[in-house]
Amino acid sequence: MRKPIIAGNWKMNKTPAEAKELIEALKPLVADAQAEVVVCPTFVCLSAAKEAIAGSNIHLGAQNLHFEPKGAYTGEVSAEMLTSIGVEYVIIGHSERRQYFAETDETVNKKVKAALAAGLKPIICVGESLEQREKGITKEIVSLQSKLALEGLTKEQVAGVVIAYEPIWAIGTGKTATSDEANETIGDIRAAVREVYGEAADEMRIQYGGSMNPKNASELMAKSEIDGGLIGGASLKAEDFSQVVKY
Ligand SMILES: O=C[C@H](O)COP(=O)(O)O
């Protein structure tokens with residue numbers, strides 16, 4: 001039985017003071033949640049967020065990392081820097097990073113390995129563009145992205161990672177994949193991972209992301225393959241995010 005995981009990707013929003021305020025508001029609202037709850041603020045908010053989640057059931061994630069342990073990489077943050085301040089999860093290969101910051105399947109794989117080596121749990125994002133969906137190649141795209149992201153990992157490592165399936169055309173647009181479409185594609189991802197890693201694919205959790213909100217969360221979460229959500233816009237308000245968490 002896979003434990004559902006609902007993560008809030010705050011993207012480039014909130015100051016440390018606002019992060020603290022949001023978490024303080026969220027804590028009582030999600031205290032009895034059945035799902036694992038994760039918040040992923042910007043790097044500058046991580047320490048304030050760590051302090052604010054103390055004693056609660058909220059876990060902390062970052063939105064990115066560099067794959068090298070240290071060195072001349074201006075503006076970057078290593079896995080060890082994240083673990084040193086108590087970060088547990090890290091989002092890797094979000095489509096915005098692939099689109100605006102030239103991340104590739106190769107760098108995603110390097111980041112996944114660096115995260116695991118440091119003891120971080122990766123949340124790996126995959127998803128097709130509208131053009132790819134219209135061409136009917138969604139299954140091929142997400143299967144390849146997933147296999148390349150996980151290349152070189154052990155079965156045990158694969159069992160512990162989280163994949164977030166985010167159709168790019170559904171991110172921040174208010175458009176969402178139907179629950180059947182999301183379930184089918186997540187099933188395709190799991191089948192592709194099973195080809196290489198066997199039963200580890202059935203332990204690995206796969207989230208849906210893309211305009212998931214209090215209105216559609218319960219329908220999406222009722223689907224057999226969907227193990228959680230990666231939430232953008234709706235994670236910025238405590239009330240909305242808590243409703244998704246408690247779908
Ligand atoms: O990481 C989260 C996703 O990009 C979804 O964002 P959204 O909920 O604003 O569509």
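If you're wondering where the values come from, they're calculated on a predicted model, not measured in any experiment. Whatever order the structure lists them in is the order used to number ligands and atoms, beginning at 1.
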Worksheet item: Do Y197 and E156 get their side chains close enough for a donor-acceptor pair, meaning under 3.5 Å?
Response: no
Practice prompt. Please indicate whether any nitrogen or oxygen in S211 is less than 3.5 Å from any nitrogen or oxygen in ligand 1.
Written response: yes
Practice prompt. May I ask you to decide whether E96 forms a salt bridge with K11, counting only side-chain N to carboxylate O separations under 4.0 Å?
Written response: yes
Item to complete: Take D105 and K110 through the test salt bridge (charged side-chain N to carboxylate O under 4.0 Å, His left out) and record every step on the way to the result.
Response: CA-CA 9 Å; D105 290 323; K110 285 183 177 178; over 6 Å; no
Worksheet item: Tell me, which protein residue and heavy-atom name are nearest atom 9 (O) of ligand 1, and how many Å apart are they?
Response: G233 N, 2.8 Å
Worksheet entry | Donor-acceptor side-chain pairing of W169 and E131 below 3.5 angstrom | no
Discussion item. Taking distance alone, with N or O pairs closer than 3.5 Å, would you say I171 contacts ligand 1?
Written reply: no
Discussion item. Checking contacts here: is it the side chain or the backbone of L230 that comes within 4.0 Å of ligand 1, counting heavy atoms only? Could be both or neither.
Written reply: both
Worksheet entry | Donor on one side chain, acceptor on other, E166 and H94, under 3.5 Å | yes
Item to complete: Determine, using heavy atoms of G172 and all atoms of ligand 1, whether some pair is separated by less than 4.0 Å.
Response: yes
Discussion item. Checking the N or O distance criterion of under 3.5 Å, is ligand 1 in contact with G210?
Written reply: no
Worksheet item: Closer than 4.0 angstrom: is that true for some heavy atom of A170 and an atom of ligand 1?
Response: yes
Discussion item. Using side-chain contact (heavy atoms from CB on, under 4.5 Å), reason through T107 and F67 one step at a time and then give a plain yes or no.
Written reply: CA-CA 8 Å; T107 58; F67 49 79; 4.1 Å; yes
Fill in: Winner among K175, M212, K11, E166 once heavy atoms are compared against atom 6 (O) of ligand 1
K11
